[in-house]
Amino acid sequence: MQNKRQIFFKDANNHEINEALRVIRTNLHFLNEKEMARTVLVTSTVPKEGKSIIASNYAMSIAITGKKVLLIDCDVRRPRAHESFGVSFDKGLESVLSGECEIEDVILRDVEGNLDILPTRNVAHNVTELFLGDKINILLQGLKNKYNTIVLDTPPLIIASDAAILSKHCDGVVYVVAYDQVAKRELEFGKTMLNNAKANIYGFVVNKIDKNGFSYGNYGYYNNNYSYYKDYYTEEGEALIRGYKPQKGFKGFVEKLKRNYKRQLSGDQKGKRW
């Protein structure tokens, strides 16, 4: 067994992250309301932005609703999808595309309730060529009517063109962006690649935001939302609210000023006058 990466829906203490993933699931559902054969590609600009975690947890978020889901690891240079669920395997997507075995021989069934995984092993050479022919399209077409949703976890765009190539076989693309980790020119490069491929970009998921709400700019609005979830869902948050006693006089004025300043920096006061 491999070391598991975090599946947030299996941890009842992750209220904020679970709720954020439900928001992603709901928004993507409204963007594409197909009940069968929905294909969603997940990518990022650079490595370590969390796109594999988002892909795995998004797939899990659909599976727990009773819908049948397939998670396909298309990142053949650095496979990670199977690690999220702590499973091992001998052959995967790369063996199917190279003609070594049939698709039914490599799909990992019911890794979680309603969730199957098509894993892949590392391939060092001629990787992009695996996705350029007709085999991947034929494979996906054969799988679509067996699943409500198929999620493709693909390599970062600055590393390879695989995501752009695969996007033409998918209904839409979820673009994961780690907050304050990607240069503007890198993000523009990735978006240009998808636009050139005529990909349907569903939207951007901003990841790795400081939960304490100290980030600058409008993204800080979402940071404050995390704090609200904590206050609403947890006993710790309720205890903080019940135990809070505002200061009086000059100390109270300074406390209020600091609190408003923090909210202003985080974007929560956007459009409001002091």
Side-chain angles (χ1 to χ4, degrees), residues 1-5 36-48 51-56 58-59 63 68-112 115-174 176 190 193-194 196-199:
M1 296 289 283
Q2 303 289 333
N3 292 327
K4 290 189 178 184
R5 302 174 69 164
M36 289 293 296
R38 187 160 55 110
T39 51
V40 178
L41 183 147
V42 182
T43 191
S44 63
T45 308
V46 298
K48 298 184 179 180
K51 53 95 181 167
S52 291
I53 291 292
I54 295 295
S56 297
Y58 170 60
K68 194 66 178 174
V69 184
L70 175 65
L71 174 64
I72 304 180
D73 194 344
C74 297
D75 193 348
V76 292
R77 293 172 178 81
R78 194 168 179 262
R80 288 293 182 272
H82 65 284
E83 292 183 0
S84 297
F85 301 91
V87 294
S88 58
F89 60 98
D90 296 320
K91 295 181 179 181
L93 176 64
E94 82 297 331
S95 298
V96 177
L97 294 178
S98 61
E100 294 180 29
C101 59
E102 298 297 323
I103 184 67
E104 295 300 325
D105 298 328
V106 298
I107 291 180
L108 304 178
R109 306 285 181 183
D110 294 317
V111 173
E112 297 285 347
L115 177 63
D116 296 347
I117 296 180
L118 175 50
T120 190
R121 293 181 302 176
N122 175 265
V123 177
H125 305 291
N126 302 322
V127 175
T128 301
E129 283 70 17
L130 288 173
F131 300 125
L132 282 174
D134 294 330
K135 285 187 177 181
I136 187 65
N137 184 40
I138 295 172
L139 182 149
L140 288 172
Q141 291 302 325
L143 291 170
K144 283 182 177 180
N145 291 326
K146 299 178 181 179
Y147 294 93
N148 298 102
T149 302
I150 297 176
V151 180
L152 281 68
D153 181 4
T154 64
L157 288 157
I158 208 164
I159 300 297
S161 59
D162 301 0
I165 293 170
L166 290 167
S167 67
K168 68 180 181 180
H169 305 303
C170 298
D171 294 317
V173 174
V174 174
V176 178
M193 284 186 66
L194 292 175
N196 289 342
K198 295 181 173 55

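- Rounding to the nearest 0.5 Å gives a distance of 8.5 Å between CG of Leu41 and CG of Asp153.
- Closest approach of His169 and Ile136 over heavy atoms only: NE2-CG2, 3.9 Å.
- Note that CE of Met193 is 7.5 Å distant from CD1 of Ile165, once rounded to the nearest 0.5 Å.
- Exactly one of Thr45, Thr43, Asp75 qualifies for a side chain to side chain donor-acceptor pair (under 3.5 Å) with Lys51. That residue is Asp75.
- Judged as a side-chain hydrogen bond (donor to acceptor under 3.5 Å, both in side chains), and not counting sequence neighbours, Lys91 has no contacts.
- Tyr147 OH to Leu71 CG: the interatomic distance, rounded to the nearest 0.5 Å, is 10.5 Å.
- Checking side-chain atoms of Asp171 against main-chain N and O of Thr39 turns up a donor-acceptor pair under 3.5 Å.
- Checked options Asp110, Ile72, Ile150, Leu143; the residue passing with Asp116 is Asp110 (criterion: side chain to side chain contact (heavy atoms under 4.5 Å, CB included)).
- With rounding to the nearest 0.5 angstrom, the NZ atom of Lys168 is 8.0 Å from the CG atom of Asn137.
- A distance of 12.5 Å separates NZ in Lys68 from OG1 in Thr149, rounded to the nearest 0.5 Å.
- Under the salt bridge (charged side-chain N to carboxylate O under 4.0 Å, His left out) criterion, Glu102 pairs with no residue, sequence neighbours left out.
- With a 4.5 Å cut-off on side-chain heavy atoms, Val151 and Tyr58 count as touching.
- Between Thr154 and Asp162 the shortest side-chain heavy-atom distance does not fall below 4.5 Å.
- Applying the side-chain hydrogen bond (donor to acceptor under 3.5 Å, both in side chains) criterion to Asn196, with sequence neighbours excluded, gives no partner residue.
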